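A quick write-up on the structure given underneath.
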Amino acid sequence: MTDGYDDTPFLPGGKWRIHDRDRPVPPIVSPGSFSSQESQGSPPDDAVVLFDGSNLDAWVSVRGGTAGWKLVAGNSMETVRGTGDIRTKREFGSCQLHLEWKAPTAISASGQGRGNSGVFLLGLYEVQILDNFENPTYADGLAGAIYGQFPPLVNACLPPGVWQTFDIVFETPEYESGHLKNPATMTLFHNGVVAHLRQSMQGPTKHRALADYQTAHGPKGPIVLQDHGDPVQFRNIWIRELAAMQAE
Ligand code: MG
């Protein structure tokens, strides 16, 4: 390599010089493409595809057995009321997660009863999915909320029947000898708008109760999608694991 220098000051830490010619360069990733309302985009080429519309093979019911949700038009799947939450067979730790969801156009309720679902990181930490387009509810239950803890910074909801995106960066909590060392954090873009910025979370999600980290859990867990009884649709779900992905 001809570019770079070997006579510049060392950066803090002393491992690499400024513009160091020997510093490893990052891997090349082909970044895929964005979705439109009409068609789903493609994931980065190093992503694990969790759902691309062809089947539910990556998913099972949290109750055990096959996932009871159904494939629908538009490379999508839809919650089937009463079949229960679904989870990925694989488990993941710190990650970048992309998913797209669409609230039902048939409106029969308000507040938490309209297009309710959710996505759980590690199967424990819920980001709320809800139709909050001209549908008020309590702040920490809005779409994009870290449910029961932190409202989203903005309400970036699109109308029901329109595809919406969540891009999540999640960091698992760290425990040391069973005690919390670092809490879980969440960064969320809702439809491209920052809704959480490395928000420290208070513990695994609870309903009408304080979250805490009293019970240590493992560094990995499944991605879970919630059956809250509403026919919410999903498409184009992919994940990139971030463990050990720190710049050299
Ligand atoms: Mg929910």
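Keep in mind that what you see is a predicted model, and the values were worked out from it rather than measured. Just so you know, ligand 1 is whichever comes first in the structure, and atom 1 is the first atom listed for that ligand.
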| message | A cation-pi test, strictly: NZ or CZ of Arg235 under 6.0 Å from the centre of the six-membered ring of Trp163 and no more than 45 degrees from its axis. Yes or no? | response |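 Ring-cation test returns yes.
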
| Count, waters excluded, of protein N, O or S atoms under 2.8 Å from the Mg ion (ligand 1) |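 My tally for this metal is 5.
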
| Charged N to carboxylate O under 4.0 angstrom, Asp3 versus Arg21? |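 Salt bridge between Asp3 and Arg21, a charged N being under 4.0 Å from a carboxylate O: no.
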
| field | Salt bridge present between Lys206 and Asp212 (N-O < 4.0 angstrom) | value |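 Looking at Asp212 together with Lys206, the answer is yes, because their closest N to O distance falls below 4.0 Å.
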
| message | Do Gln112 and Thr137 pair up side chain to side chain, a donor and an acceptor below 3.5 Å, judged on atom types alone? | response |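 Distance-only check passes for Gln112 and Thr137.
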
| said: Under 3.5 Å, is there a donor on one side chain and an acceptor on the other for Tyr213 and His179? | reply: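 Tyr213 vs His179: no donor-acceptor pair found between side chains.
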
| query | How about Trp101 and Phe166: are their ring centres within less than 6.0 Å of each other? | reply |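 Distance test on ring centres: under 6.0 Å, yes.
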
